[in-house]
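Structure record follows, encoded as structure tokens.
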Amino acid sequence: MPISLADVRHGRQPLLVVDRVTTGYGGAAVVRGVSLRVDAGEVVAIIGPNGAGKSTLLKGLVGILRITEGRVLLEEQEVTNCSPEELARRGVGYVPQVGDVFEPLTVAENLEMGGYLLEPRLIRQRMRVVCEVFPSLASMLRRRADKLSGGERKMLAIGRVMMLDPRVMILDEPTANLAPRLADALLRDQVRRLADLGKAVLLVEQRARAALEVANWACVMVSGAVRLEGRPADLLGRRDFEELFLGAEVQEVPLEGAHRANDRGEA
């Protein structure tokens with residue numbers, strides 16, 4: 001069902017609303033009719049099998065791919081098909097799965113590049129704030145990005161996007177190619193921290209169980225559509241969870257106490 005701007009949870013309007021969005025490549029729809037919402041201070045995880053259209057959806061939301069149907073709203077203002085730069089100006093930060101840092105540059109130079117829309121006097125100020133959020137970055141400011149570990153690199157990628165202090169963070173598989181221990185730590189310590197700072201975090205993640213442990217709400221995508229959504233604990237409690245994640249045919253039964261758009265309790 002469509003998401004209404006009048007749909008308020010805990011007295012708040014959603015920061016990001018995705019309303020029946022269809023997008024894809026070369027005129028061919030890969031994602032069809034997807035609706036979801038993300039509030040300030042929460043993580044919404046999108047999980048599902050490979051090829052479900054999760055990353056394609058994110059590329060449509062951030063202006064890399066054209067949305068052919070539906071709309072995207074940021075704090076009640078329509079931003080459908082705005083360019084990535086315009087969305088960055090409006091407070092949307094996007095961390096892609098690949099190409100997330102400038103490898104020949106140092107950590108400090110990467111952060112400076114992330115603040116390219118800022119006045120020069122504000123860049124150092126924002127760098128200090130980012131290093132307060134991710135203290136490990138402060139000790140490696142002079143290190144080249146191509147010398148960082150996988151976990152350090154992803155932390156830099158998130159920090160670079162945070163230079164513009166976005167209200168919405170969109171993360172595409174931030175744990176890709178990380179060892180399980182590092183992946184769990186990144187989700188638990190860094191992604192969750194973004195929400196704790198009051199940001200709305202939309203997360204696509206292949207490590208479904210790890211993502212659900214830090215999320216407030218989750219959507220399961222299969223074949224370009226949201227097949228099921230609900231509180232993480234309810235999804236994990238389903239006996240057909242593994243089949244659902246692998247893309248098998250499942251019955252879409254309502255989760256107890258959960259509603260597609262209007263009844264969104266905290267995880």
[atom1] of [X] to [atom2] of [Y]: how many Å apart, nearest 0.5 Å?
| X | Y | atom1 | atom2 | value |
| --- | --- | --- | --- | --- |
| Y94 | L61 | OH | CG | 9.5 Å |
| I46 | D172 | CD1 | CG | 9.5 Å |
| R153 | K147 | CZ | NZ | 12.5 Å |
| L73 | R37 | CG | CZ | 12.0 Å |
| T106 | L111 | OG1 | CG | 8.0 Å |
| L202 | L171 | CG | CG | 8.0 Å |

What residues, two or more places apart in sequence or in another chain, satisfy side-chain hydrogen bond (donor to acceptor under 3.5 Å, both in side chains) together with [X]?
| X | answer |
| --- | --- |
| T23 | none |
| T56 | Y25 |
| K59 | none |
| R142 | none |

Check: [Y] and [X] side chains under 4.5 Å, non-hydrogen atoms:
| X | Y | value |
| --- | --- | --- |
| L164 | R89 | no |
| V191 | V201 | yes |
| L58 | S55 | no |
| M221 | R227 | no |
| L186 | P174 | yes |
| E213 | L187 | no |
| V72 | L16 | yes |
| P14 | D39 | yes |

Hphob cluster co-occupancy, [X] + [Y], side-chain heavy atoms under 4.5 angstrom:
| X | Y | result |
| --- | --- | --- |
| V161 | L137 | yes |
| L36 | L74 | yes |
| V92 | V21 | yes |
| L148 | L178 | yes |
| Y116 | M169 | yes |

Side-chain ion pair, D165 and K199, N-O less than 4.0 Å: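 Yes, this pair counts.
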When you measure from the side chain of [X] to the backbone N and O of [Y], does any donor-acceptor pair fall under 3.5 Å?
| X | Y | result |
| --- | --- | --- |
| K54 | P49 | yes |
| D19 | G70 | no |
| N110 | F102 | yes |
| N216 | V43 | yes |
| R90 | C82 | no |

Residues M155, Q190; criterion side-chain contact (heavy atoms from CB on, under 4.5 Å); working and verdict: CA-CA 8 Å; M155 180 167 52; Q190 298 176 25; 3.5 Å; yes
Pairs meeting criterion salt bridge (charged side-chain N to carboxylate O under 4.0 Å, His left out) with involvement of residues 106-120, two or more places apart: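 Sorted pair list: E112-R124, E119-R121.
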Pairs satisfying salt bridge (charged side-chain N to carboxylate O under 4.0 Å, His left out), at least one member in residues 177-193, at least two apart: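 Pairs touching residues 177-193 that pass the test: R192-D196.
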Kindly write out the residues that satisfy side chain to side chain contact (heavy atoms under 4.5 Å, CB included) with [X], not counting sequence neighbours, or none if the list is empty.
| X | result |
| --- | --- |
| A138 | C131 |
| A29 | T22, R32 |
| S83 | E85, E86 |
| L197 | V133, M162 |

Test side-chain contact (heavy atoms from CB on, under 4.5 Å) applied to V220 and V222, step by step: CA-CA 7 Å; V220 182; V222 179; 4.3 Å; yes
Those residues that, when tested against E152, pass salt bridge (Lys or Arg N to Asp or Glu O under 4.0 Å) (two or more places apart):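 Result, salt bridge (Lys or Arg N to Asp or Glu O under 4.0 Å) vs E152: R143.
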Under the salt bridge (Lys or Arg N to Asp or Glu O under 4.0 Å) test, residues paired with E75 that sit two or more places apart: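 Residues passing salt bridge (Lys or Arg N to Asp or Glu O under 4.0 Å) with E75: R167.
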Distance-only polar pair, side chains of E229 and W217, donor-acceptor under 3.5 Å: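 A donor-acceptor contact under 3.5 Å links the two side chains.
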Check: T175/R207 side-chain N/O donor and acceptor closer than 3.5 Å: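 Per modelled atom types, T175 and R207 side chains form a pair under 3.5 Å.
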Heavy-atom pair of closest approach, residues [X] and [Y]:
| X | Y | result |
| --- | --- | --- |
| A40 | G198 | CB-O, 3.3 Å |
| I47 | E205 | CG2-O, 3.7 Å |
| Q97 | A176 | NE2-CB, 3.6 Å |
| C219 | V226 | CB-CG1, 4.2 Å |
| A145 | V101 | CB-CG2, 4.2 Å |
| A215 | A45 | CB-CB, 3.8 Å |

side-chain contact (heavy atoms from CB on, under 4.5 Å) evaluation trace for L228 with R238: CA-CA 11 Å; L228 194 68; R238 289 179 63 115; 3.3 Å; yes
D146 CG: over 12 foreign heavy atoms closer than 6.0 Å: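 Counting neighbours around CG of D146, more than 12 heavy atoms of other residues, nucleotides or ligands fall under 6.0 Å, so yes.
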Residue pair R20, E69: steps toward the side-chain contact (heavy atoms from CB on, under 4.5 Å) verdict: CA-CA 7 Å; R20 296 168 293 181; E69 295 181 23; over 6 Å; no
